[in-house]
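Beneath this line is the structure, given in structure tokens, with notes to follow.
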Amino acid sequence: MTQLEQVAKKHNLTLEQATQLKSVIQETWEYVGYDFMECCGGEDEALNIFDSYGQMVAEATVDAGRLQNHGDVGWFYSLEADKLKIAEDVYAARSW
């Protein structure tokens, strides 16, 4: 598993941005995760749609600006980069 600091460098983020993003992703997932998996037919079915758990979480939390409901991450949505990949990597990284 990759360290959060490595992921931050990979995606040209500060460690503080990566830490904030990880926290907001986790909080958002707590709100939408169950409903998201249920819409897919359950957890097993949802996981079959994605290549990894992190990819599923990124898709469910980044889509439709959901992260902005749980933190000040407008900077993230302004990035000219693959936001889903950044979110997936940040979510999957060890941070603390």
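Bear in mind the structure is a predicted one, so any value in this text is a computation, not a measurement.
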message = A quick test of your reading: do over 12 heavy atoms of other residues, nucleotides or ligands sit less than 6.0 Å from CD of Glu5?
response = no

ask   = Do Phe76 and Ile86 come close enough that some side-chain heavy atom pair is under 4.5 Å?
value = yes

ask   = Going from CE on Met37 to CD1 on Ile49, what distance comes out if it is rounded to the nearest 0.5 angstrom?
value = 11.5 Å

note = Between Gln3 and Ala93 the two heavy atoms that sit nearest each other are C-CB, 4.0 Å

ask   = Taking the side chain as C-beta and beyond, is there a heavy-atom pair between Lys85 and His11 under 4.5 Å?
value = yes

task = Enter the distance from Glu38:CD to Glu45:CD here, rounded to the nearest 0.5 Å.
result = 9.0 Å

request  = With side chain to side chain contact (heavy atoms under 4.5 Å, CB included) as the test, would you mind laying out the steps for Trp29 and Arg66 before giving the verdict?
outcome  = CA-CA 9 Å; Trp29 180 245; Arg66 288 186 184 102; over 6 Å; no

request  = Take the angle between the ring planes of Phe50 and Phe36 and call it parallel below 30°, perpendicular above 60°, tilted in between.
outcome  = tilted

ask   = With a cut-off of under 6.0 Å to the ring centre and 45° to the axis, is Lys83 in cation-pi contact with Tyr77?
value = no

task = Using a 4.5 Å cut-off on heavy atoms from C-beta on, say whether the side chain of Thr28 contacts that of Val57.
result = no

message = What I'd like to find out is whether the side chain of Glu59 reaches to under 4.5 Å of the side chain of Glu88, using heavy atoms alone.
response = no

ask   = What do the steps show when you test Trp75 against Leu13 for side chain to side chain contact (heavy atoms under 4.5 Å, CB included), and what is the final call?
value = CA-CA 11 Å; Trp75 60 266; Leu13 303 175; 3.7 Å; yes

query = Can you hop from Ile25 to Tyr34 via hydrophobic side chains spaced under 4.5 Å?
reply = no

message = Between Asn12 and Ala8 (side chain of the first, backbone of the second, donor and acceptor by atom type, cut-off under 3.5 Å), is there such a pair?
response = no

key: Any Asp72 side-chain heavy atom under 4.5 Å of Gln20 side chain   = yes

task = Answer yes or no: is there a side-chain heavy-atom contact under 4.5 Å between Met56 and Leu47?
result = yes

request  = Could you tell me whether the side chain of Thr2 reaches within less than 4.5 Å of the side chain of Arg94, counting heavy atoms only?
outcome  = no

query = Is the closest side-chain heavy-atom distance between Thr61 and Val24 below 4.5 Å?
reply = no

message = Determine whether a donor-acceptor pair (N or O, by modelled atom type, separation under 3.5 Å) exists between the side chain of Ser23 and the backbone of Thr19.
response = no

